[in-house]
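Notes follow the structure.
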Number of protein chains: 4
Amino acid sequence: MEPVRDDVSSVLKRRVVKPSEQRRAEILEAALKLFSSKGFHETTMEEVAHAAGVAKGTIYLYFPSKEHVLLALKRDFMQGLTTAGADIVAEAIELLEGGKDLDYRDIIDDIFDAVVDYHTKRHEAVEVVVRQSPSPDLMREALDLEREYLALVASAFRTGAEYGLVHTEDPEMTAHLVTAAIRDNIASSLCYEEPADLERLVEAAKQMLYKALAPNVEMPPRRPRLVRTKSD
Amino acid sequence: MEPVRDDVSSVLKRRVVKPSEQRRAEILEAALKLFSSKGFHETTMEEVAHAAGVAKGTIYLYFPSKEHVLLALKRDFMQGLTTAGADIVAEAIELLEGGKDLDYRDIIDDIFDAVVDYHTKRHEAVEVVVRQSPSPDLMREALDLEREYLALVASAFRTGAEYGLVHTEDPEMTAHLVTAAIRDNIASSLCYEEPADLERLVEAAKQMLYKALAPNVEMPPRRPRLVRTKSD
Amino acid sequence: MEPVRDDVSSVLKRRVVKPSEQRRAEILEAALKLFSSKGFHETTMEEVAHAAGVAKGTIYLYFPSKEHVLLALKRDFMQGLTTAGADIVAEAIELLEGGKDLDYRDIIDDIFDAVVDYHTKRHEAVEVVVRQSPSPDLMREALDLEREYLALVASAFRTGAEYGLVHTEDPEMTAHLVTAAIRDNIASSLCYEEPADLERLVEAAKQMLYKALAPNVEMPPRRPRLVRTKSD
Amino acid sequence: MEPVRDDVSSVLKRRVVKPSEQRRAEILEAALKLFSSKGFHETTMEEVAHAAGVAKGTIYLYFPSKEHVLLALKRDFMQGLTTAGADIVAEAIELLEGGKDLDYRDIIDDIFDAVVDYHTKRHEAVEVVVRQSPSPDLMREALDLEREYLALVASAFRTGAEYGLVHTEDPEMTAHLVTAAIRDNIASSLCYEEPADLERLVEAAKQMLYKALAPNVEMPPRRPRLVRTKSD
DNA sequence: TATGAATGAGGGTTCATTCAT
DNA sequence: GATGAATGAACCCTCATTCAT
């Protein structure tokens, strides 16, 4: 007679202990999937727990609240983005310092490609990070994460300008503008297919940036304005 | 015999019908204030009702659900924005058709100024419209509202390009990019003061767009790439 | 054909609106029954709601929290007790002032009987008031209610002493002692039948108090102590 | 061959066995501190474990449930009280039997002092024992513990009466009354400082008991009641 | 039309208890 | 024996929505 293995009776709900880093990751993964598909507020902790294969209470061993799960997702995404960006930027600077004769458009391409790639590979996170509303205490840290990334992008523009590779009068604001433009549209494209053709969007963005950052461009003198369109 | 009273009540009825529109507006106003300051999910219908000076049940005579209140706010905002934009664009086109010799930068200025002005005057709505999470069925209509506005902006770029006033190869994508960049940052600036200096942001945006849309710019030929920064 | 009355379909769960005073009383009554039989912490709001014939949320229209339901029960009980006691005391004082030649034991009897009667008629409340643990903020008010009653009892003793009817050197402490003795035992007797015979307890209490409060009793001089039983 | 190591481990084992009793005590001590300061229901097993310096699961090696921890505290307290009381009573009886000419008030003093002392030294336990709600199955045993102590007190009164030292017609009920009066007020005084002056309370209690238990007191004949205050 | 008392499903969170290690 | 990660039932409470008035 075949002995009934204890394991058999445990197909359902046997307590499993796992390395905490893995548990944490599983919970975040489950939360990400749900938050992105249903929205943060529309997802219950019950659902997250179920999807992560743990009990509801277990989540609270790893995160003090539902909000903190969201924050962790944001943090992971932003830190990864910042890291990825930092690599590219560092590489470009290295080449620059090495005296290589670079075409700035190649660098723009590289950065864009990296950023788009990063977002595309994490399109679930994108929706969560971009769309899910802030909320009181979360906001502070979320903004900090944001700031760090923006500082990186701005420094890239600034360095490029210092080397005469590109032209921009205000690296910080340029960073804000470019970041928002690209992220918001990638998010929208990934989540709602609006714009539907992401490659076309990216191509247009590159083209715009080529021109907007082009060095040594002589703008024609501005003619004095003849007509005021509005007066208020 | 017809009682005279009917006349009176018909007069009164007009008074009762009109307020209906006013009630709706009062509710929306109250909701806007609360949603923007506390967030949609953090605001209760009770609070909206109280702030609007009506009973909770009354709101449901005007809106089928809380979500629809939010949607109405979005609609109002987007329609107003589209209208405002349409006015500017129409005016510009009129001038163009009139053969006026315009500097495209003036038009960019006008549109930017109008858009920024519109947002600034409605900064409460901005937070709500830009930041509050999508939510299932709302998304469809919200996107429609968005599309309408984007179509307008795209048509402006297209028309400008047709007249040779500006250069852009892809008006639709350009519309997406510019809209996202400007709206997201205005929202962020208005709500979280990040970037803190809105005027500086707008100026930077204008400068970038001047260059990006500049007609007749000869881009230098792109050198063949020597170094691949990454291979994936 | 008999018209189907709308009422018929509403046997279960038809919304009923009642005067709020009545609703409140119904909720308290249900809570009292449950708290006394199962204990405060062992009773869920769900159960209270069900027993009161209302929805869970309805309770929260009348009480801000479960704790406040308990507090309301305490308040009602203590206020009723204080009122009942005040009536008896007032009556006794009236008679005294009227120069009636009273036997103080009759007054003790009257007060005891009233108090016992009040407790017996509310034996469910007794368990709740006496046994259910305090809890942070509840404690303050619970003590206040207690104090009021004790002040009444103390004033009764003091007045009696002033009239020479009884003898007590410390009316306040006497009030504390008598109140605790009687209430605790009534509660215990009513709830756990320990002591089982309430009448016997009351009789013993009366007898003790007759002697303890007897006026004009000459206590024999205390002999100097010869043996120390313990030295620590 | 027997390894010498066994000897060592047997020595160690004694060390391991003994701590078991010590562990239990440490857990109880921690629980007592927390239950008394925060309340039973407001204290988590986690907190008890932490305070006791053990893991949560360890507590369950010593007590089958949280309730049983509470019960153990009650038992310890009551047994200690009974023991302490028994010592005093035994001593008094010994003296009595030795034909010593005692003043009963000295005995009352001794008992009171011992009881007050016992409570004061364990004021944390007092709050727990007196105030924490009963709870279903705990009640039975809690009452048993109570009964034992009450039996002791009652026997003291009875013996005293047999020796003609004091007068009381119902030693059992007297025990109930005196015990409740004194314990409840000590608890209240210790926990909520109400009454604030414990010494004054004890003094009043002694004075009352001196009179209430005084032997050979002739109570005046009770006059026929003239006025009925109430008729129900 | 307007009200607001009533509803009750569902929310996030807690915590006594268990059990794999 | 000791641990503490894991469990999951149960908790109190909220609030969008309904409906008797």
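We name chains A, B, ... by the order of the sequence lines, and we start the count at 1 in each one.
Rounded to an integer number of Å, the gap from CG of A:Leu70 to P of E:dG12 is 13 Å. Atom C1' of nucleotide E:dT17 and atom NE2 of D:His68 are separated by 14 Å, given to the nearest angstrom. Distance A:Ile27 CD1 to F:dA6 P: 8 Å, rounded to the nearest Å. Rounding to whole angstrom units, NZ of residue B:Lys38 and C1' of F:dT14 are separated by 13 Å. Spacing between atom CZ of A:Phe63 and atom P of E:dT14 amounts to 15 Å, rounded to whole angstrom units. Counting to the nearest Å, the P atom of F:dA2 and the CD atom of D:Glu26 are 11 Å from each other. B:His41 places its NE2 atom 11 Å from the P atom of E:dG12, with the value rounded to the nearest Å. Taking atom CD of B:Glu46 as the reference point, atom P of E:dG4 lies 9 Å away to the nearest angstrom.
Looking at C:Glu47, C:Glu124, C:Lys38 one by one, the single match for side-chain contact (heavy atoms from CB on, under 4.5 Å) with C:Lys33 turns out to be C:Glu124. Screening C:Val48, C:Thr44, C:Val128 for a side-chain contact (heavy atoms from CB on, under 4.5 Å) involving C:Leu34 leaves a single residue, C:Val48.
A cation-pi contact, defined as under 6.0 Å to the ring centre and within 45° of the axis, is absent between D:Lys66 and D:Tyr60.
Taking every heavy atom of both residues into account, A:Val69 and A:Leu28 meet most closely at O-CD2, 3.9 Å.
Remark: F:dA2 base-pairs with E:dT21; criterion is Watson-Crick or G-U wobble with both hydrogen-bond distances under 3.5 Å.
Residue contacts shown for B:Thr58 include a base, since a base heavy atom lies under 4.0 Å away.
Remark on DNA chain E: of its neighbouring residues D:Ser65 and B:Gly57, the 5'-side contact belongs to B:Gly57, judged by nearest-heavy-atom nucleotide. With DNA chain E read from its 5' end, the first of the two nearest nucleotides for C:Ala55 and D:Met45 is the one closest to C:Ala55. Residue whose closest nucleotide on DNA chain F sits further toward the 5' end, between D:Gly53 and A:Ile59: D:Gly53. With DNA chain F read from its 5' end, the first of the two nearest nucleotides for A:Leu61 and C:Pro64 is the one closest to A:Leu61.
Between the side chain of B:Lys56 and the base of F:dT17 there is at least one donor-acceptor pair of N/O atoms closer than 3.5 Å.
Which of F:dA16, E:dT14, E:dT3 sits closest to the side chain of B:Val54 comes down to E:dT3. If you check F:dA16, F:dA6, E:dT18 against the side chain of B:Tyr60, the one that comes closest is F:dA16. Of the listed nucleotides (E:dT13, E:dT3, F:dT17), E:dT13 has the atom at the smallest distance from the side chain of A:Lys66.
Within the structure, a side-chain polar atom (N or O) of D:Arg23 is placed less than 4.0 Å from OP1 or OP2 of F:dA2. An OP1 or OP2 oxygen of E:dA6 is reached within less than 4.0 angstrom by a side-chain nitrogen or oxygen of C:Tyr62.
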For this session: Mind running side chain to side chain contact (heavy atoms under 4.5 Å, CB included) on D:Leu71 and D:Glu67 for me, showing each step along the way?
Result: CA-CA 6 Å; D:Leu71 184 58; D:Glu67 284 277 310; over 6 Å; no
